Amino acid sequence: MTEANGAGENGDDDLSVVYDLAPACTAEDVSVGERYHATVNGVVDYGVFVDVSDEVSGLIHESELDRAYDVGDKLIAQLETIRDNGDMAFVPGEPEEYRTVAVDADPDQLRDRIDDLEPADTSVVEGKIVQVKQTGGPTLFHVRDGTGVIPAAAFEEAGVRAYPDVEIGDAVRIKGIVERHDGSRQLEVNSLTVLDGDEAEAVTERLETAVEEWAEPHDVEPLIEWDAMQPLLEELEGVARLLRSAVIEGRPIRVRHHADGDGMCAAVPVEYALERFIGEVHEDADAPRHLFRRLPSKAPFYEMEDATRDLNFALEDRARHGQKLPLLLMLDNGSTEEDVPGYRNLAHYDIPIVVIDHHHPDPDAVQDLVAEHVNPYLHGEDYRITTGMLCVELARMIDPSITDELRHVPAVAGISDRSSATAMADYLELAREAGYDEDDLKAIGEALDYEAHWLKYDPGRNLIDDVLDVGSDDPDRHRDLVAFLSERSTEAVDRQLDAALPHVEEEALDNGARLFLLDVENHAHRFTYPAPGKTTGAVHDRMVAETGDPVITIGYGPDFAVLRSDGVRLDIPGMVADLSAEIEGGGVGGGGHLVVGSINFVQGMRDEVLDALIEKMGDAEIDEAIGSATAAAE
Ligand code: MN
């Protein structure tokens, strides 16, 4: 820290000391009587103004001057007085011999923590720019340090970009006054300096350390003891860390979830936890709206239409609101080869993808494209650990204070996806303690499915909260709403079955399983609830209940077929791959779970494809434990 030069001998303590202040040094770093290296910054009739740092200046009165000075001249100045108003008076004071002592700014004295800023404070904040937003008035620079993110308003002219050279990611020092604006704190900028060199590096290092600590997920006890989930919990910690870092760094999070009961039981808790964490980190009251978006996916994979919309939305937000590109979180969806084209489209940009899913995965196809992939199949488990169960734990790692509101959610998820996990008993018990019996949970699942259908591409934020009873403020309304919706759902399914069942055709398969076929295009109501997937599922359930035998059900339309099976060891993704290779010009695609899925083809090849499919089904092995392997996946 001490550097010797000037006319003296190195290290001679008897020599006069002249301090060389770092640019960031403040009035706290100077004392009356001490000498400083100074630079003339202004010449007036009554003297010259000198800077001893970027922050500290003072006047040498004309009567003290022994020669003329120009702006930029260097000299040694001795601090003579500090007036009550903070003005400083210096005198020229170059000793014959001296040594120079470099003084670094005291970093903690200099900077304020964003979290600590109080209205009316004059503050200095050092951090990084995470967003630059031009309003009709000032330019808003969202700046973060290790403790929070605050908007800093700089005004050039109404609607005109202030500090046009400042960019996202710049390390800056902002001086200003803290004010309240629409109930939130905002820094009114007096000066904004982009830091470079050592100073920028120091800010980067400080922020990296702080983010690492702050992003650390909460250490929560899982809601139930379940060994099978253990390895997944460790991976979910990694996801929680990524999501918390994204929030701290001002990177928006976009969630795509399967639009069914389990998918919503996964996405809603994560939404709830992240919104709270965003509110904790970001001062801007609009931040949760800008930094988080949950959207349902109709297909059980990332359709190119969704991927294109997401990308377009992200790029527009970046252009219009100066936002970073988002992180994409795929829930109850996203593990399969069908997701690859959408992912590859995003890969042209800095958009990390995180997947939490329990559909049978194609790890070889997606692994290189995703930052994290949590899936029970990757640990020798299966769909019985549902995405909703996983995401309730994830949400609690992000914000454990929401635990009490989520105790019934894993059970709803499990019932919706017909999880036969032994742990379901524990989840049902947990829900019972929170006041929901099994019929309540089933009704919630049905109501979610029913509303998902009518909401189409809308997340239905508040409505879904009321149906699922997470963050809902009126328990009576929740109960009435679920009763109404689940009743409507049951009526609609019954109406569909009344129309469809007389047209269901049966074929015997070579392996002894019974095959039921329904033309959902001609013998079911269209464009209403339940859609073909759920209609086929309802027919299938009826047949399983009536026969007690191994059953496969196919609901086919002009260019697609929905498949359900119980008691037969199908490998739908495998069959799809084989048919695609074997039937020339069939245009076969699709996939899903092993025993629940869908297949698509070109209309003119339907008979060939269905015949070949049925032949493969007749070759499949019969399961000894009948009725154990169905998962709902429309
Ligand atoms: Mn699911």
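Start at 1 and go down the list; that is how both ligands and their atoms are numbered. Predicted model only: the values in this text are computed from it and were never measured.
The Mn ion (ligand 1) has no N, O or S atom of H359 closer than 2.8 Å. Put simply, D260 stays out of reach of the Mn ion (ligand 1), with no N, O or S atom under 2.8 Å from it.
The minimum distance between the Mn ion (ligand 1) and any N, O or S atom of D262 involves atom OD2.
Remark: at the Mn ion (ligand 1), atom OD2 from D417 and atom OD1 from D332 enclose 170°, rounded to the nearest 10 degrees.
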For F601 and F560, what are the C-alpha separation, side-chain angles and deciding distance, and is it a ring-ring contact (aromatic ring centres under 6.0 Å, His included)?
CA-CA 6 Å; F601 37 79; F560 68 91; 7.8 Å; no
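In terms of modelled atom types and a separation under 3.5 Å, the side chain of D623 and the main chain of G567 share no donor-acceptor contact.
The closest side-chain heavy-atom distance from C391 to L331 is below 4.5 Å.
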Side-chain donor-acceptor distances from residues 268-277 under 3.5 Å, at least two apart:
residue, atom, partner, partner atom, Å
E271, OE1, R294, NE, 3.0
Y272, OH, R276, NH2, 3.4
Y272, OH, E405, OE2, 2.8
E275, OE1, R461, NH1, 2.6
E275, OE1, R461, NH2, 3.3
E275, OE2, R461, NH1, 2.7
R276, NH1, S401, OG, 3.1

